[in-house]
Amino acid sequence: MEKLFGTIKEQIEKADDEKISVEDRDLLRLLETKAVDEALAIAERSRIPGLKKTVKVCTKVIGKVLDLEAQPPSGQAAEEELSGTAADLRQHRVDKMERIRERGDNPFKFAFDRSHNIGEARVAFEAAEPAGTEESPAEVPARLAGRLVAFRNQGKSCFADIRDEFGRIQLFMGLKQVGEDVFASLKDLDIGDFIGVEGAIKRTRRGEITIFATGYEILTKSLRPAAEKHHGLKDVETRYRKRYLDMVANPEVLETFKKRIQVVSYMRQWLEKQGYLEVETPMLHPIPGGATARPFITHHNTYDRDFYLRVAPELYLKRLIVGGFDKVFEINRCFRNEGVDTRHNPEFTTMELYEAYQDYMGLMEETEEMLTYIIEKIVGGTSFEYQGNTIEVKRPWKRMTLHDAIREYAGIDLEATRDRDEAVNLAKSVGVDVDPSMGYGKIVDEVMSDKVQPHLIQPTFLYDYPIELSPLAKKKRDNEALTERFQPFIACMEVGNAFSELNDPIDQRERFESQVALREAGDDEAQFLDEDFIASLEVGMPPTAGLGIGIDRLAMIVTDSASIREVILFPQLRTV
RNA sequence: GGACGGGUAGCUCAGUCGGUAGAGCAUCGGACUUUUAAUCCGGUGGUCGUGGGUUCGAUCCCCACCCCGUUCACCA
């Protein structure tokens, strides 16, 4: 290492002055502080001969050292640097915090005994109100707490708004009611502080439900302001990276996530009622399986071997059906090392279920029932808006075979042929851009997503998919070219995938082998052969139907969200 | 990875056909006892994403890079 640094120094010193740029001189310092990427970037631009190569070697060495040090990703710098105004704003609040301490108060309390949350308080007042009269209007005594979200000081009286998870309520404090000392201490409050108040809930002359406080208590001093009051926080990068700021500034975000939480909750409720058992299967897979997708690789130190983060729980869940559970499900994360866009996050949540003695048609009924149950519970009816379209979820949903759908929407018949070249020509004839290297199955898939999917605004089941696309599904009972598989679509999005599970171990081995052949031909998404899984099928899996549902997509649909990042609390962004 | 758009005060945004920047809100000081985007008066606050280049001079023009969004490719 020292030697490499020496070489770099030498190269810089020996170079012609005109070739040395200002940033070249920074190289060593950057390397010493392990700013590897930056140093590399400078070396790329440098005009000093040979320097680039030396720096590259050097950064490689440092990279290895960093990897070793990284083990538990070490915490970042102690305090995020604030500059200019931000630092001033914080300092003002720190000063106020000190003043609170100086008068013997604690700006970070331990608890506050509330009589109601704010939502309950409003309900309680509205319930009591009709009993009041002109002379003695209703009032409800209460102790409430919340975050201060607005503050309107009048000089000798003030109005403020406090908010908790369940609502917002106005607060009134008058100089006479609270006394001079308390009133003066209001100076040390800021938007964002948590306070507790005690008083009577009444209506003001202007009709606003208001707690007339006899006093207040600071519960938590906020040292950092959240966002502007009526434009909220709009910068999407900040919204995703600092979700807490998004939630504080944009309360509707809480509602979006509550709906997402309900999706999972109602789904679990429905499944348990049907007798499904919730299980947990490994996230670390020695062989990634259950889906055609590129996996993340990770490493176990003691075993000294690589594992894959799971791309799907499918093969483990089916082993449980082999083992003797009849109805199981799992709601959990999957990880796929692929593109990121408005519908894809590297980690996402799925529900997978498996039901013994059932086939795909029976499962289609169940799926329709479950999804309508969840959606109706959340949207409060059978129809809702998604991105400008009215979606009607009333049963029964439309059902079409994949080939019928292609005939209807693309105007070509891909079922008439099994020939790859003919399929390519047919696809091209309707303007679908296909690559001659694609297999027949891929071509069908391409035509489907290009020509059919955009029409599937209303809930629709497509079923009977080409065998090439579905290495884990049973062949259709009367047509060997197809599998017994279906996908539900809502608002043009695939929200799930299901099939009669392939339980013939001989057939399964052949399907895996053709996947392995694809893999060897360079398709790095093709599936691996899982010997133990085949062994389990040889022990015997009853006829089984299985279903996977994309929870994030379902959440997008019921929350009218255009991007998956709106329904994932902490979506994956590049680390800066 | 490609194409397009974006990054200016704590927040939301304007702007400079190249002469080192503005508004509203927030903040600070003052006035105000029924406001609710409170109001009125005065002030503070910016390495204009980062690094180079061109230029007497760059936030603006050119190049590279970083980050975000949309979209295409791959996928759920």
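Every value quoted in this text rests on a predicted model; they were computed, and no experiment measured them. Chain letters run A, B, ... following the sequence lines, proteins first, then strands; residues in each count from 1.
Across every strand in view, B:G5 sits in a pair with B:C68 that passes the Watson-Crick or G-U test at under 3.5 angstrom. When both distances must be under 3.5 Å, the Watson-Crick or G-U wobble mate of B:C61 is B:G53. Applying the Watson-Crick and G-U wobble criteria (two distances, each under 3.5 Å), B:A14 pairs with nothing in any strand. Partner assigned to B:U39 is B:A31, using Watson-Crick or G-U wobble distances below 3.5 angstrom.
Within the 4.0 angstrom heavy-atom criterion, base atoms lie near A:Gly339. Looking at heavy-atom distances under 4.0 Å, A:Leu89 makes contact with a base. Using a 4.0 Å heavy-atom distance criterion, A:Asp341 is classed as a base contact. Here A:Asn153 lies in heavy-atom contact (under 4.0 Å) with a base. In this structure, A:Glu208 reaches the bases: a heavy-atom distance under 4.0 Å links it to at least one base atom across the strands shown. The residue A:Arg565 sits close only to the backbone: its heavy atoms come under 4.0 Å of sugar-phosphate atoms, none of a base. Looking at heavy-atom distances under 4.0 Å, A:Lys442 makes contact with sugar-phosphate atoms alone, never a base. Contacts of A:Gly232 with the nucleic acid, taken as non-hydrogen atoms under 4.0 Å apart, involve only primed sugar atoms and P, OP1 or OP2. As judged by a 4.0 angstrom heavy-atom cut-off over every strand, A:Asp95 is placed among residues making no nucleic acid contact.
The NZ atom of A:Lys156 sits 8 Å away from the C1' atom of B:C32 (whole-angstrom rounding). Rounded to whole angstrom, the span from the CZ atom of A:Arg152 across to the P atom of B:C32 amounts to 19 Å. Rounded to whole Å, atom P of B:C28 lies 11 Å from atom CZ of A:Phe151. For A:Arg239 and B:G69, the CZ to P distance is 11 Å, given to the nearest whole Å. Atom CG of A:Leu573 is separated from atom P of B:C67 by 11 Å (rounded to the nearest Å). One atom, CD1 of A:Ile549, and another, P of B:A76, lie 14 Å apart when rounded to the nearest Å. The distance from atom CD of A:Glu237 to atom C1' of B:U70 is 15 Å, rounded to the nearest whole Å. Taking atom NZ on A:Lys176 and atom C1' on B:U34, their separation rounds to 14 Å, with Å as the unit.
Distances shorter than 4.0 Å separate none of the side-chain N or O atoms of A:Arg336 from OP1 or OP2 on B:C74. Taking only side-chain nitrogens and oxygens, A:Arg241 comes nearer than 4.0 Å to OP1 or OP2 of B:C68. An OP1 or OP2 oxygen of B:U34 is reached within less than 4.0 angstrom by no side-chain nitrogen or oxygen of A:Arg205. Side-chain N/O atoms of A:Thr85 include one lying less than 4.0 angstrom from OP1 or OP2 on B:G10. Of the side-chain N and O atoms in A:Arg574, one or more sit less than 4.0 angstrom from OP1 or OP2 of B:C68. Within the 4.0 Å cut-off from OP1 or OP2 of B:C28, at least one side-chain nitrogen or oxygen of A:Lys96 is found. In terms of phosphate contacts, A:Thr342 brings a side-chain nitrogen or oxygen within less than 4.0 Å of OP1 or OP2 of B:U71.
Rounded to whole Å, the separation between the P atoms of B:G30 and B:C67 comes to 46 Å. The P atoms of B:A21 and B:U71 are separated by 38 Å, rounded to the nearest whole Å. Between the P atoms of B:U55 and B:G43, the separation comes to 42 Å (whole Å). Between the C1' atoms of B:C41 and B:U34, the separation comes to 23 Å (whole Å). Nucleotides B:C48 and B:G6 are separated by 14 Å at their C1' atoms, to the nearest Å. Comparing the P positions of B:U50 and B:C11 gives an interatomic distance of 15 Å, to the nearest angstrom. Between B:A38 and B:G53, the distance separating the two P atoms is 49 Å to the nearest Å. Comparing B:U8 with B:G49, their P atoms sit 6 Å apart, to the nearest whole Å.
Annotation: the span from A:Arg147 atom CZ to A:Arg168 atom CZ amounts to 12.0 Å, rounded to 0.5 Å.
Along RNA chain B, the nucleotide nearest A:Thr210 and the nucleotide nearest A:Glu494 are compared for position; the residue whose nucleotide lies closer to the 5' end is A:Thr210. Position along RNA chain B of the nearest nucleotide to A:His92 versus A:Ala226 favours A:Ala226 as the more 5'-ward residue.
Using a 4.0 Å cut-off between a side-chain N of Lys or Arg and a carboxylate O of Asp or Glu, A:Arg333 and A:Glu347 qualify as a salt bridge. A:Arg343 and A:Asp552 are not joined by a salt bridge, as no carboxylate oxygen comes within less than 4.0 angstrom of a charged side-chain nitrogen.
Ring geometry for A:Tyr316 versus A:His285: interplanar angle of 30 to 60°, hence tilted. Using a 30° and 60° split on the angle between ring planes, A:Phe461 and A:Phe486 fall in the perpendicular class, above 60°. Note on ring orientation: taking the six-membered ring where Trp is involved, the planes of A:Tyr360 and A:Tyr463 are perpendicular (angle over 60°, cut-offs 30° and 60°).
Side-chain contact between A:Ile162 and A:Ile169 is present, with heavy atoms from C-beta onward closer than 4.5 Å.
The listed nucleotides are B:U36, B:U12, B:A73; the one nearest the side chain of A:Gln170 is B:U36. With distances taken from any side-chain atom of A:Val236 to the nucleotides B:C68, B:U33, B:U12, the minimum falls on B:C68. Of the candidates B:U34, B:G69, B:C74, B:U34 carries the atom nearest the A:Gln154 side chain, counting heavy atoms from C-beta on. Among the nucleotides B:U12, B:G10, B:C68, the one closest to the side chain of A:Ala86 is B:G10.
Stacking annotation: A:Phe159 is not stacked on the base of B:A38 (requires ring centroids less than 5.5 angstrom apart and an interplanar angle below 30 degrees).
At least one test fails for A:Arg243 against the ring of A:Phe570: distance under 6.0 Å to the centre or angle within 45° of the axis.
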As a quick check of understanding, evaluate side-chain hydrogen bond (donor to acceptor under 3.5 Å, both in side chains) for A:Glu330 and A:Thr281, giving each step before the final call. CA-CA 8 Å; A:Glu330 176 162 9; A:Thr281 64; 2.6 Å; yes
